[in-house]
Peer 1: 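Sharing a structure with you now.
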Amino acid sequence: MTGDDNHAWLDRRDYLKYVGATGVGGTLAGCTSGGGSNEDGETTTSDEETETEGADGGDGGDPSTFVVGMSSKASTLDVHSATRRPENTIVSAINETLFRLDEDTEPVPHLASDYSRNDDATEFTFQLEEGVTFHDGSTFDAEIAKWSYERFLENSPNSYLLGPVDTIEATGDYELTITMEDSYPLLPRYLTNWSTAFVSKAAVEEHGDDYGQATAVGTGPYQFDTWERGTGVTVTKFEEYDWGPEFAENQGPGKADAFEFRLLPEATTLLQELTNGDVHGSSYVTLSDVEQVESSNNTELLRKEYTRPGYLAMNVQKEPTDDVRVRRAINHAIQKQPVIDAALGGEGYPIWSIVPSIAVNGLSEDRSKELGEQYDPEKARSLLEEAGWTNSSEGETRSKNGEDLELTFYAFTIPRYAQMGKVVAPMLGEVGINANLEVLEAGTLYNNLESGNHHLTTMAYGGNWATNALEPILKGENTATEGGTNYSLWQNDEFDELLKTGKTHPDAEKRDEAMVDAQELVLEEVPVAPICAFNKVYGYKSDIEGIDNWTEHEWWPDQEWLNRLEFDA
């Protein structure tokens with residue numbers, strides 16, 4: 001899928017103006033002896049062609065540490081507080097969920113041995129696996145599972161995943177019963193989400209507010225070891241682990257002695273460390289660097305067309321983006337392919353709905369194009385005129401009642417998001433919108449978004465199903481001002497009710513219809529400007545074999561926990 005909305009391509013001068021305006025189960029031959037150093041949505045090395053001493057059965061040979069290159073740092077290792085991909089990359093090795101997605105992307109019991117539900121999906125009973133322990137030696141049982149889910153509901157921005165939960169009860173030593181106020185047939189699916197993972201009650205009680213900073217304790221194949229701020233996090237093998245899922249090649253323990261998640265915020269440094277350094281694998285390769293990874297003699301690269309959307313969140317509560325005509329004009333002013341080329345190095349594809357068509361229950365591409373905003377700068381200008389924003393000549397900033405049409409536009413410092421903003425801002429200028437772009441580091445960015453200071457922000461957030469793509473991005477109760485990830489601050493009761501139907505109706509056909517209607521309502525109200533979806537890529541040392549076992553999974557980019565379990569060191 002290439003090309004932009006109407007295949008109305010920019011010529012080279014216009015394009016330059018926009019850009020310039022601004023394992024699994026294999027041999028881990030590249031492991032270093034004793035350690036080494038992404039979404040909105042994210043590589044491996046040794047010294048040139050040589051390998052580190054002890055990496056391939058030479059002197060030492062053990063221990064082995066697999067170094068993961070990361071471009072963004074984690075802010076917490078408390079799975080119940082985290083929402084971002086850097087945290088997921090790390091804690092998915094430490095903490096585990098009740099269910100896993102199998103090779104057919106169906107939820108199957110993991111820390112549960114079995115489960116049942118009543119006919120209307122308002123009561124679920126889970127039989128928990130016995131013999132599972134946390135890294136601190138405490139036992140995983142029904143009381144701890146109940147406590148952990150209640151903590152998740154109290155603390156996590158993703159607490160909506162448990163939907164209309166009524167009660168959570170330990171109905172036996174290893175039996176957990178969850179009742180819902182409404183039908184919730186998708187519960188097992190949502191219990192595969194990493195943020196619902198279990199944490200040790202003993203560790204939380206011991207460390208209090210320092211939990212997630214001083215330590216993180218789960219039941220996963222790797223346990224927390226060290227966190228060097230500004231450098232990275234190291235986790236080490238949990239020798240007692242033997243409860244990996246049946247569909248995994250390895251049930252445990254992990255085969256590498258340790259994983260080091262090394263922070264390399266500069267894209268050029270990460271690239272160098274991947275192609276000529278100490279990093280062994282990374283899914284954080286900047287998409288504009290893909291060609292260099294592919295052309296290196298030291299590295300290989302895998303790619304997958306993915307469901308994570310890149311978009312502009314538009315603050316619907318702040319003038320002038322509270323006017324749907326202005327929001328439509330912004331959509332019409334954006335030509336997608338130049339953004340994909342400049343921000344993603346061509347490693348993406350255009351979208352017209354916030355839920356990409358390849359997602360489960362996503363609108364078809366034809367329907368999305370029919371209802372979505374096509375690139376049409378003349379229509380953008382007409383809409384702005386209709387909204388009262390005029391100018392004397394094309395290209396000048398428009399004004400209304402003596403005020404210029406100026407927008408506060410934020411972008412994250414991660415290169416793809418920063419470049420997205422740098423390409424989009426002059427496109428808006430072409431139709432008379434002065435978008436004042438500020439590229440901010442994470443803390444400042446999110447503080448400003450939570451305060452509602454923005455008109456626009458570049459963002460990437462989504463999921464593989466329409467339900468879990470739409471809910472964090474646009475559900476009313478998830479607004480950023482309330483600590484959520486709805487940066488459009490859009491609140492629409494009809495949309496929220498459609499989401500509820502899409503999650504809770506016992507009839508699958510009715511759920512599907514509701515999700516279609518929800519997406520069409522978003523296209524009508526335009527709280528977001530969909531631009532593109534990213535390819536997911538994974539760069540790794542050429543010496544590493546057996547990657548296919550992990551990446552055969554339909555949604556392998558989200559299954560990094562499987563990568564941790566199955567790499568053979």
Side-chain angles (χ1 to χ4, degrees), residues 17-19 21-22 40 310-336 338-339 342-343 354 373 375-413 417-441 444-461 473-474 479-481 486-490 522 525-532:
K17 177 174 63 176
Y18 285 135
V19 176
T22 50
D40 235 314
Y311 62 97
L312 299 185
M314 298 185 279
N315 187 344
V316 302
Q317 295 185 13
K318 186 175 183 178
E319 295 182 348
T321 46
D322 62 337
D323 188 332
V324 69
R325 293 170 296 185
V326 173
R327 300 198 299 272
R328 288 186 185 281
I330 290 169
N331 261 293
H332 284 302
I334 298 171
Q335 194 171 7
K336 303 178 192 295
V339 181
I354 194 61
E373 312 297 340
Y375 173 64
D376 189 340
E378 286 306 317
K379 189 169 184 180
R381 295 184 183 100
S382 176
L383 283 164
L384 293 172
E385 292 280 347
E386 181 183 325
W389 295 99
T390 61
N391 60 6
S392 58
S393 64
E394 188 174 306
E396 290 185 357
T397 300
R398 294 173 177 271
S399 61
K400 179 180 180 180
N401 299 327
E403 292 188 12
D404 286 344
L405 181 49
E406 296 188 347
L407 305 182
T408 299
F409 187 9
Y410 295 140
F412 193 22
T413 51
Y417 307 124
Q419 193 65 18
M420 185 183 298
K422 291 175 182 178
V423 177
V424 167
M427 291 179 176
L428 301 183
E430 289 295 313
V431 299
I433 300 172
N434 184 13
N436 297 306
L437 179 67
E438 297 181 56
V439 179
L440 306 174
E441 58 83 24
T444 304
L445 172 71
Y446 290 114
N447 285 339
N448 275 284
L449 295 177
E450 289 167 8
S451 299
N453 295 333
H454 63 294
H455 290 103
L456 306 173
T457 186
T458 59
M459 191 54 60
Y461 207 107
I473 295 173
L474 291 170
T479 58
T481 50
N486 174 353
Y487 299 109
S488 300
L489 310 185
W490 188 55
V522 171
E525 294 292 324
V526 202
V528 291
I531 299 176
C532 59

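Note: hydrogens, waters and symmetry copies are ignored here, and every other heavy atom, side chains too, is used. Starting from 1, each residue takes its place in the sequence as its number.
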Peer 1: Just by distance, do the side chain of Thr457 and the backbone of Tyr410 share a donor-acceptor pair under 3.5 Å?
Peer 2: yes
Peer 1: For atom CD of Gln317, decide whether the heavy atoms of other residues, nucleotides or ligands shown that lie under 6.0 angstrom number more than 12.
Peer 2: yes
Peer 1: Using the side chain to side chain donor-acceptor pair (under 3.5 Å) criterion, which residues pair with His455? Sequence neighbours excluded.
Peer 2: none
Peer 1: Measuring only between side-chain heavy atoms, which start at C-beta, is Gln335 closer than 4.5 Å to Pro377?
Peer 2: no
Peer 1: Who pairs with Trp389 by ring-ring contact (aromatic ring centres under 6.0 Å, His included), at least two apart in sequence or on another chain?
Peer 2: none
Peer 1: For Ala435, enumerate each residue passing the side-chain contact (heavy atoms from CB on, under 4.5 Å) test, keeping only those at least two apart in sequence or located in another chain.
Peer 2: Phe409, Ala425, Leu428
Peer 1: Mind checking what makes side-chain contact (heavy atoms from CB on, under 4.5 Å) contact with Thr481, not counting sequence neighbours?
Peer 2: Thr479, Leu489
Peer 1: So Ile531 and Val424, do their side chains get closer than 4.5 Å, heavy atoms only?
Peer 2: yes
Peer 1: Quick check against the 3.5 Å criterion: does Arg327 have a side-chain atom that pairs as donor or acceptor with the backbone of Val526?
Peer 2: yes
Peer 1: Determine yes or no for a side-chain-to-main-chain donor-acceptor pair under 3.5 angstrom, with Ser451 supplying the side chain and Asn448 the backbone.
Peer 2: no
Peer 1: Short question: side chain of Asp376, backbone of His332 - any donor-acceptor pair under 3.5 Å?
Peer 2: no
Peer 1: Are any non-hydrogen side-chain atoms of Pro527 and Ile473 less than 4.5 angstrom apart?
Peer 2: no
Peer 1: What's the shortest heavy-atom distance between Ala411 and Leu437, and which atoms?
Peer 2: CB-CD1, 3.9 Å
Peer 1: What pairs with Glu403 under side-chain contact (heavy atoms from CB on, under 4.5 Å), at least two apart in sequence or on another chain?
Peer 2: none
Peer 1: Quick check: does any side chain N or O of Asn315 sit under 3.5 Å from a backbone N or O of His454, one acting as donor and the other as acceptor?
Peer 2: yes
Peer 1: Could you give the distance from CG (Leu312) to CE (Met314), rounded to the nearest 0.5 Å?
Peer 2: 7.0 Å
Peer 1: Nearest 0.5 Å, what's the CD1-OH distance between Ile354 and Tyr311?
Peer 2: 5.5 Å
Peer 1: Within the 4.5 Å heavy-atom criterion, are Val431 and Leu384 side-chain neighbours or not?
Peer 2: yes
Peer 1: Rounded to the nearest 0.5 Å, how far apart are CZ of Phe412 and CE of Met420?
Peer 2: 13.0 Å
Peer 1: Atom CD in Glu406, atom CG in Asn436: separation rounded to 0.5 Å?
Peer 2: 5.0 Å
Peer 1: Is Arg381 reaching over with its side chain to a backbone N or O of Glu430, donor-acceptor style, under 3.5 angstrom?
Peer 2: yes
Peer 1: In Å and rounded to the nearest 0.5 Å, what is the NZ to OG distance from Lys318 to Ser488?
Peer 2: 14.0 Å
Peer 1: Can you confirm whether Lys379 is buried at NZ, in the sense that more than 12 heavy atoms of other residues, nucleotides or ligands lie under 6.0 Å from that atom?
Peer 2: no
Peer 1: Does any non-hydrogen side-chain atom of Ile330 lie less than 4.5 Å from one of Leu456?
Peer 2: yes
Peer 1: Can you list the residues that meet the side-chain contact (heavy atoms from CB on, under 4.5 Å) rule with Thr413, with sequence neighbours excluded?
Peer 2: Val439, Glu441
Peer 1: Looking at residues at least two apart in the chain, or sitting in another chain, which of them share a side chain to side chain donor-acceptor pair (under 3.5 Å) with Asp322?
Peer 2: none
Peer 1: Using 0.5 Å steps for rounding, measure from the CG atom of Leu474 to the CD atom of Glu525.
Peer 2: 11.0 Å
Peer 1: Identify, with sequence neighbours excluded, every residue that meets side chain to side chain donor-acceptor pair (under 3.5 Å) alongside Glu438.
Peer 2: none
Peer 1: Quick one: side chain to side chain donor-acceptor pair (under 3.5 Å) partners of Arg398, sequence neighbours excluded?
Peer 2: Glu385
Peer 1: With sequence neighbours excluded, what pairs up with Arg328 under the salt bridge (Lys or Arg N to Asp or Glu O under 4.0 Å) test?
Peer 2: Glu373
